[in-house]
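Note on naming: letters A, B, ... go to the chains in the order of the sequence lines (proteins, then strands), and numbering restarts at 1 for each one.
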Amino acid sequence: MSRNPLSTSFAGLKLRNPTALASGILGYTAESLQRVVEGGAGAVVTKSVGAAPRMGYANPTVVQANCGLVNAMGLPNPGIDEFVEEIAHAKIILQAPLIVSVFGYSAEEYALVAEKAVAAGAEALELNVSCPHVKQTGSEIGQNPRILAEVVAKVKGAVQVPVIVKLSPNVTDMAETARVAVKAGADALTAINTVKAMAIDVDTTLPVLSNTRGGLSGPAIKPIALRCVYDLYETVETPIIGCGGITTWKDAVEFFLAGAIAVQVGTAVALENPNVFHAINRGVKAYLKKKGYGSVKEIVGIAHRA
Amino acid sequence: MSRNPLSTSFAGLKLRNPTALASGILGYTAESLQRVVEGGAGAVVTKSVGAAPRMGYANPTVVQANCGLVNAMGLPNPGIDEFVEEIAHAKIILQAPLIVSVFGYSAEEYALVAEKAVAAGAEALELNVSCPHVKQTGSEIGQNPRILAEVVAKVKGAVQVPVIVKLSPNVTDMAETARVAVKAGADALTAINTVKAMAIDVDTTLPVLSNTRGGLSGPAIKPIALRCVYDLYETVETPIIGCGGITTWKDAVEFFLAGAIAVQVGTAVALENPNVFHAINRGVKAYLKKKGYGSVKEIVGIAHRA
Amino acid sequence: MHTALNTLRTTPILSVKTESPTVKTYTLKDKLCAKAKPGQFLMLWIPGVDEIPLSVMYAENDRVSVTVKAVGDATRHLHSMKPGETVGVRGPFGNCFTEASGKILMVGGGTGTAPLLFLARRLATKAQRLSFVVGAKTKTELLFLKELNAVCTEQGVITTTEDGTYGLQCLVTEPLGKLLAATKFDMVYTCGPELMVSKIFNLTEQHGISFEASLERLMRCGIGLCGSCVIGKYRVCRDGPVFNAAQLSEVKSELGISKLGFDGERIPV
Amino acid sequence: MHTALNTLRTTPILSVKTESPTVKTYTLKDKLCAKAKPGQFLMLWIPGVDEIPLSVMYAENDRVSVTVKAVGDATRHLHSMKPGETVGVRGPFGNCFTEASGKILMVGGGTGTAPLLFLARRLATKAQRLSFVVGAKTKTELLFLKELNAVCTEQGVITTTEDGTYGLQCLVTEPLGKLLAATKFDMVYTCGPELMVSKIFNLTEQHGISFEASLERLMRCGIGLCGSCVIGKYRVCRDGPVFNAAQLSEVKSELGISKLGFDGERIPV
Ligand SMILES: Cc1cc2nc3c(=O)[nH]c(=O)nc-3n(C[C@H](O)[C@H](O)[C@H](O)COP(=O)(O)OP(=O)(O)OC[C@H]3O[C@@H](n4cnc5c(N)ncnc54)[C@H](O)[C@@H]3O)c2cc1C
Ligand SMILES: Cc1cc2nc3c(=O)[nH]c(=O)nc-3n(C[C@H](O)[C@H](O)[C@H](O)COP(=O)(O)OP(=O)(O)OC[C@H]3O[C@@H](n4cnc5c(N)ncnc54)[C@H](O)[C@@H]3O)c2cc1C
Ligand SMILES: Cc1cc2nc3c(=O)[nH]c(=O)nc-3n(C[C@H](O)[C@H](O)[C@H](O)COP(=O)(O)O)c2cc1C
Ligand SMILES: Cc1cc2nc3c(=O)[nH]c(=O)nc-3n(C[C@H](O)[C@H](O)[C@H](O)COP(=O)(O)O)c2cc1C
Ligand code: FES
Ligand code: FES
């Protein structure tokens with residue numbers, strides 16, 4: 001009877017609560033991932049890691065917009081051969097499932113990185129096929145059904161752990177992308193990555209980001225992400241992890257109602273702080289109690305009953 | 001020497017200033033369009049009108065989001081046969097170019113409505129191929145290159161006035177849509193219509209909009225719209241009209257710098273009021289003066305110099 | 001506009017009071033709407049059904065009341081709702097009546113009496129004289145008689161019914177000619193069916209008396225965006241719902257004559 | 001975090017002052033950064049080039065000053081900029097030094113002297129004793145000697161140069177052992193190269209003296225999001241840049257040893 005109403009699971013992963021750290025936020029080191037777990041996260045996703053090191057773009061890489069951030073980090077990462085040490089260390093100290101985010105420039109690369117990440121201790125993988133500002137990877141993969149299917153299938157063939165596919169909202173038909181990913185073997189879907197965007201400074205008349213183009217995150221994109229999750233829930237049976245602008249427990253609950261089995265939080269870690277996970281969980285728990293639900297799983301997708 | 005620094009022109013239309021009312025905002029009657037012109041708009045776009053009357057969706061049709069609105073009006077309109085009277089009246093009283101927004105369920109319907117609108121006095125047409133929440137029209141047309149080309153070509157064949165095509169951001173590759181529209185004869189492009197979105201109420205666990213799904217407008221989408229305009233400017237030679245979240249003169253200037261020859265303002269008419277056009281124009285004028293530019297045309301696209 | 005006002009708040013119905021066989025008053029808890037001034041309205045969401053504009057009948061502390069006549073789908077559904085059930089509100093929206101002093105006359109038709117009662121309560125202590133003409137089809141539909149008698153000047157409440165079951169047997173506009181001739185009123189306020197408003201407007205114009213009327217039009221957004229509610233160059237939801245004589249003169253070609261239907265077509269009022 | 005702080009503001013350079021052959025101080029007009037407290041930093045956008053973190057050296061009214069050493073692309077480009085040219089700022093970010101009283105010792109290395117000078121100016125009137133050890137490679141690179149002498153206790157400023165061209169010929173850390181043994185300081189503050197910080201940290205630990213150090217790490221977002229600047233579980237940009245002895249103990253395995261490079265790889269400090 002003292003069951004934890006926040007506990008949830010998907011694709012074989014068991015989470016103490018339905019919040020997770022989104023990829024690219026504080027995701028380089030085991031200690032900072034653990035800090036986020038102390039802040040209440042039920043799981044963590046690492047910074048996206050590729051086959052070789054990447055320096056990322058010069059600053060400015062993040063610019064404040066009206067209700068969110070526009071970023072173009074450029075996927076800086078030490079490369080999987082370095083990163084395996086961090087994964088191994090994280091595996092030891094982390095008190096929550098460790099999901100390693102993977103990117104590549106080809107199906108082979110995705111699979112290679114995936115294999116090494118799993119060998120080092122990743123409990124699940126998230127395939128970043130949705131970064132909107134690095135050429136020949138990210139959303140350029142996710143927007144092409146043929147390549148997407150190949151990437152997912154190859155990774156699935158290479159590893160035994162759950163494979164989550166992170167989708168881009170920058171497509172005509174996300175349902176189509178989702179179906180392709182699921183058919184190729186995706187065990188869960190994360191929706192969404194950032195929305196293509198940019199910022200220009202009127203004084204200097206220059207684009208602010210060194211990469212000119214970036215992706216919008218934060219509260220601004222919440223209504224967009226919510227609709228993606230709602231649509232996906234009607235499209236696939238696969239578990240959906242909601243992401244995009246989630247800052248408060250209310251935001252999180254909206255995503256559960258729309259059909260998300262868990263949520264990821266990114267920008268709010270800066271807007272608030274790493275304890276934002278605790279705040280969200282407290283609110284969700286109070287909501288469940290007030291509404292008479294025994295588990296967060298009971299509210300997943302119920303906005304569809306209408 | 002006393003040239004008006006704000007005057008601009010595109011596709012043969014001459015505007016006293018580079019701001020226009022976006023479609024769907026106060027666009028039913030001649031008097032309210034004229035009110036917006038008194039508020040400073042350099043041109044106005046009517047509510048989208050189709051071949052037959054449509055009641056639109058039940059309320060709620062508009063819901064407040066964090067930094068914008070999510071709406072699903074459902075294209076309520078009296079049908080072109082009724083609306084011609086309003087167009088004729090507007091033509092008489094309006095002191096600015098009258099652009100009639102047109103939608104249809106087929107190329108024939110678009111052309112039919114277009115012809116009648118022009119016969120009644122429309123000085124230009126804007127083709128709504130981007131409404132994200134009505135089935136079988138709007139973005140369902142704009143997302144299909146073949147049908148889009150057919151619609152634009154048919155309308156172009158039917159009328160002599162400039163034809164503007166309003167694009168949807170809900171596509172994988174807006175450059176592709178733009179190229180199709182331009183090749184089919186579009187004289188100008190408007191970017192963007194609303195972004196697919198929704199809102200859910202956690203208390204009732206219901207989607208708020210009666211249509212469940214709607215489109216996001218307002219400040220939240222400005223960084224998205226800005227990138228669309230920036231990208232289009234590198235894709236086509238056709239004049240681009242920026243739209244999406246523009247509220248202040250700074251927003252407007254950002255769009256000019258990105259490549260817009262003019263801007264449309266929608267949601268800000270409610271966030272501020274119909275005089276928002278005056279406020280924007282005043283700010284743009286002061287900016288041009290401070291920066292030593294003689295005309296707003298001089299700053300179009302200069303953010304690309306980098 | 002402050003976006004907080006336009007943000008949907010769900011809230012339980014605190015109490016329901018039956019005012020007449022077809023009219024009920026709903027009291028809700030909502031801090032923002034509780035700050036409404038007489039003349040302002042709110043948008044009430046009946047979950048899963050509709051969202052409709054309703055004038056504020058009373059507001060105090062953290063509570064707001066609206067008085068609703070069952071006329072169609074939404075209002076009938078609302079009438080079936082009980083205390084504890086959830087509705088949504090946004091607002092308050094629109095402008096408010098100016099608060100005049102001196103000799104004041106109010107004319108209320110149907111639920112149009114509600115915002116005037118709110119105003120009357122505010123002006124009661126200030127006004128030199130406060131008279132109220134309230135009309136309905138039949139006795140049982142006369143609203144707020146007790147409340148009006150409590151705030152108006154002695155014998156200031158004149159009642160009319162179309163069927164003569166109470167008070168004068170006539171339209172609410174009939175006693176006005178005499179009243180306006182007998183007393184030099186400083187201000188006439190009205191709210192009710194538009195034909196009534198338009199008649200009273202003509203009368204006050206003839207007598208050269210200051211006049212304010214609250215109008216109703218089909219509303220969707222409530223925030224001045226969609227254009228559903230326009231009369232002439234005005235948005236009833238944002239520039240109104242209260243208009244003065246000068247403004248009403250500008251929209252004479254529409255007042256009591258035509259409005260926009262759900263499809264934006266001009267239809268008779 | 002208030003988003004206003006993180007919103008980029010462009011502003012002209014008001015004045016440039018040459019502090020040494022490689023160091024210049026830039027004064028900008030910015031209301032928000034002018035509210036910075038000692039220890040906080042801002043992100044300076046050099047349009048078209050880079051955006052870098054810089055500690056606030058002084059802030060008053062609507063002005064803020066930063067002191068910058070030319071070490072690479074961005075800082076060299078900045079050194080070529082003149083008053084009137086435009087830069088962008090966001091911030092102020094991070095925490096600040098706690099303002100101790102009693103006997104205070106500050107140790108500044110290179111441009112790390114800048115935020116300490118800011119702090120010293122604030123503490124000058126409160127502190128019972130204010131001593132400052134400032135070091136550089138050579139005489140011409142010693143920063144703020146005049147300013148420090150003006151705010152420190154008489155003869156409180158001790159200078160060191162590596163080449164002996166001014167003051168003591170030694171590292172800035174050398175005089176500390178004696179100083180700490182001779183006087184029971186209530187607080188030691190430092191900012192400068194991390195190896196220096198780490199040495200001083202060890203010394204203060206041995207003497208059991210309160211200690212705060214401002215750290216530098218590669219920074220991108222400046223707001224605690226991207227993870228570029230982490231040391232142990234701390235984000236230098238948000239949880240720091242000022243850390244106390246207890247916190248520094250937690251990150252001993254990294255302090256003065258390793259940090260993240262641009263690609264997120266752990267590299268030697
Ligand atoms: C500013 C304003 C204040 C109002 N205050 C009150 C009030 O205090 N008490 C009260 O009982 N009624 C008030 N109304 C009218 C009330 O909004 C309508 O009676 C209600 O919307 C009818 O909805 P329904 O679904 O029950 O009826 P329907 O079956 O939809 O229609 C019945 C009639 O109501 C009108 N109506 C329907 N929807 C709307 C709408 N969204 N906006 C305006 N009119 C509509 C239609 O013209 C129709 O003639 C007010 C209207 C406005 C514009
Ligand atoms: C909180 C903080 C406060 C600082 N305060 C000052 C100050 O007051 N005065 C001053 O002169 N310098 C200060 N610095 C250091 C300053 O940011 C770097 O010198 C500057 O970024 C170098 O840029 P560059 O392009 O000229 O050099 P580069 O050629 O890029 O590199 C030179 C060195 O600077 C370091 N560096 C480069 N970029 C960054 C970055 N974004 N963040 C941190 N370090 C970087 C690199 O590790 C490298 O070793 C501060 C740094 C931090 C983190
Ligand atoms: C600074 C920053 C860096 C990011 N890096 C990555 C990344 O490496 N891989 C990835 O899949 N998503 C990345 N994202 C996207 C986020 O994981 C998330 O999908 C997006 O920001 C929306 O969620 P939010 O609004 O909660 O931030 C990044 C986002 C930000 C703001
Ligand atoms: C209430 C509302 C109604 C709209 N109706 C239409 C429409 O009929 N036709 C159309 O092309 N766009 C319509 N739009 C989209 C706007 O014209 C505009 O493209 C969009 O709102 C983005 O601009 P904004 O952020 O300035 O509002 C509507 C937008 C809103 C908010
Ligand atoms: S109801 Fe939309 S403008 Fe008034
Ligand atoms: S610089 Fe990004 S987290 Fe510190």
*Full working for side-chain contact (heavy atoms from CB on, under 4.5 Å) between A:V195 and B:V195*: CA-CA 10 Å; A:V195 184; B:V195 183; 5.7 Å; no
*Grab the two heavy atoms, one from A:K196 and one from B:T172, that are nearest each other, plus how far apart they are.*
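Where A:K196 meets B:T172 most closely, the heavy atoms are NZ-O, 4.0 Å.
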Would you call [X] and [Y] a side-chain contact if the rule is heavy atoms closer than 4.5 Å?
| X | Y | answer |
| --- | --- | --- |
| B:V202 | A:L257 | yes |
| B:R213 | A:D231 | yes |
| B:R227 | A:T212 | no |

*Let me see the working for B:D173 and A:Q143 under side-chain contact (heavy atoms from CB on, under 4.5 Å), right down to the final yes or no.*
CA-CA 9 Å; B:D173 186 4; A:Q143 286 164 354; over 6 Å; no
*Examine whether an atom of B:F256 lies under 4.5 Å from a heavy atom of chain A, and if so say whether it belongs to the side chain, the backbone or both; otherwise answer neither.*
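Contact with chain A involves no heavy atom of B:F256 at all.
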_Less than 4.5 Å to any heavy atom of chain A: does that hold for the side chain of B:L216, its backbone, both, or neither?_
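Only the side chain of B:L216 comes within 4.5 Å of chain A.
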Mark yes when over 12 heavy atoms from residues, nucleotides or ligands other than [X] sit less than 6.0 Å from its [atom1]; otherwise mark no.
| X | atom1 | value |
| --- | --- | --- |
| A:E237 | CD | no |
| A:K297 | NZ | yes |
| B:K291 | NZ | yes |

*Under 4.5 Å, counting heavy-atom pairs only, tell me which of A:P169, A:A225, A:G214 racks up the most with chain B.*
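Most heavy-atom pairs under 4.5 Å with chain B: A:G214.
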*What residue in A:L226, A:V253, A:N66, A:I221 has the most heavy-atom pairs under 4.5 Å with chain B?*
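Ranked by contacts with chain B, first place is A:L226.
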I'd like to know if the side chain of [X] and the backbone of [Y] have a donor-acceptor N/O pair within less than 3.5 Å.
| X | Y | result |
| --- | --- | --- |
| B:K250 | A:D201 | no |
| A:Y230 | B:P207 | no |
| B:K222 | A:A199 | no |

[X] versus chain B, the contacting section by heavy-atom distance below 4.5 Å:
| X | value |
| --- | --- |
| A:F255 | neither |
| A:T204 | backbone |
| A:N170 | backbone |

*Look up atom CG in A:L206 and atom CD1 in B:I302, then write down how far apart they are to the nearest 0.5 Å.*
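Atom-to-atom, A:L206:CG and B:I302:CD1 are 9.0 Å apart.
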*Of the listed residues (B:P223, B:C228, B:G215, B:A258), which shares the most heavy-atom pairs with chain A below a 4.5 Å separation?*
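Max contact count across the listed options: B:P223.
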